Amino acid sequence: MKVLVATDKPFAKVAVEGIKQIVEDAGYELALLEKYTSENELYAAVADVDAMIVRSDKVTKEVVDHAKKLKIVVRAGAGYDNLDLPACTAKGIVAMNTPGQNSNAVAELAAGMMVFMARNQFNPGTGSELLGKNVGIHAYGNVGKLVAKIAKGFGMNIYAFDPFVKKETMEAEGVIVCNSVEELYSKCHYISLHIPATEQTKKSIGYDLLSKMPKGGTVVNTARKEVINEEELVKVLEERADLKYASDIAAGNHAELVEKFGLRVFATSKKMGAETSEANVNAGLASANQIVKFLKTGDTTFQVNK
Ligand code: 3PG
C-alpha cells in the first residue's frame, strides 16, 4: 500500500518524519509531494496511491479521477471545504478530517490578532485594552472554545452563538449564550469567527451583522474568507470609521481594503493559523494513524462523507 502526503504548504520536518514512521511501521510506503506548482504534478502523484493526506490542498473531481486506487483521503485539519465530497463518495473513497488537532494553534493566533488590532498593529499611537470588553465566539467548536478560554485570561466577557452546541454546555464553561447571531454581533466589541465555509455560511457575514457591532468593533477571521461578504465589508467600513477587520485568509479585495482603510484592516501574507510544529505533528500524525486504522480494520471514525 502507498500513502501520499500532498501538501502545497509543507508540514514541519518533524511531522513528516512522524508520519513516515507510522506509515512504514504499518508496512506501507510513503510518497511525498510538497510545494507543487501545477495540478498535473498532483494528478501524477495520486495515480498509484491507496491513501492520501492533504492540508488545504484542493481534492477536486479531477484529482479523484486520476487516483485510480485511492481508498481514503484525510484532510489534516478541521475544515474540509477543500475536498469534493460527492466526487469522493461516487468513487467509494472515504474522506476524513482530524478535528481538534490543530485548534490550539489557530486559537492562539486569533487571540494574538485581537491584541494586534487593539494596539494599532503595533504602530505608535493610543490603543485600547481587551480587559472588560465583550468577545463573541462564532461558533463554539474546538477553536472557539479555546479562544474563549484564552480571552477569559484577558478579563474579557465571553459571549457565544452556536446552534449546534447545547446552551448548558456553554454556560457550564462560563459563556454567556446568545440566542441569535444578531444578538452576538450587537453585544460584542470583538467577534472571533470559527464557522466553516458551507453553502449556508458563505457570504453570511455582511453589512447587516457588522453594522450592529458596538463602537470600536473588531472582527477577527481565522476561519475562512468565503464566509465574509466582501463588498458589504467595504460598505460598512466606509460608514463606520471605528470598525476593524483582521483576517488569516486575505479577502479577495484585500488590496482595496488596505488602500481605503489602512491599519483598520489586516491579513496575514499566507494562512498561518495552523502553522506551528505542534499543530503539524498533531494533525499529521493523527491523519497517518487514521489511515492505518482504516486500511487495517475498516475504522471510519472521523469520516465526513458518510
Ligand atoms: C483547518 O481547517 O484545519 C485550518 O484552516 C488549517 O489549514 P492548513 O492546513 O491549510 O494550514
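If you read the sequence from its start, that first residue is 1, and numbering goes on from there. Just so it is clear, the structure is predicted and the values come from calculations on it, not from any experiment. One-based numbering, in listed order, for ligands and for the atoms of each.
For Phe122, the ring pair (Phe, Tyr, Trp, His ring centres under 6.0 Å) partners two or more places apart in sequence, or in a different chain, are Phe116. In this structure Tyr207 satisfies the ring pair (Phe, Tyr, Trp, His ring centres under 6.0 Å) test with no other residue, sequence neighbours excluded.
The immediate protein surroundings of ligand 1, defined as residues with any heavy atom under 4.0 Å of it, consist of Lys9, Arg55, Ser56, Arg75, Gly77, Ala78, Gly79, Asn102, Arg224, Lys271, Ala274.
Under 3.5 Å, the side chains of Asp299 and Thr297 contain no donor-acceptor pair of N or O atoms.
The minimum heavy-atom distance between Arg75 and Ser56, with the atom names listed, is NH2-OG, 3.2 Å.
Although no hydrogens or angles enter the test, the distance criterion places no donor-acceptor pair under 3.5 Å between the side chain of Glu173 and the main chain of Lys145.
Applying the ring-ring contact (aromatic ring centres under 6.0 Å, His included) definition to pairs two or more places apart or across chains, those involving residues 41-93 are Tyr43-His66.
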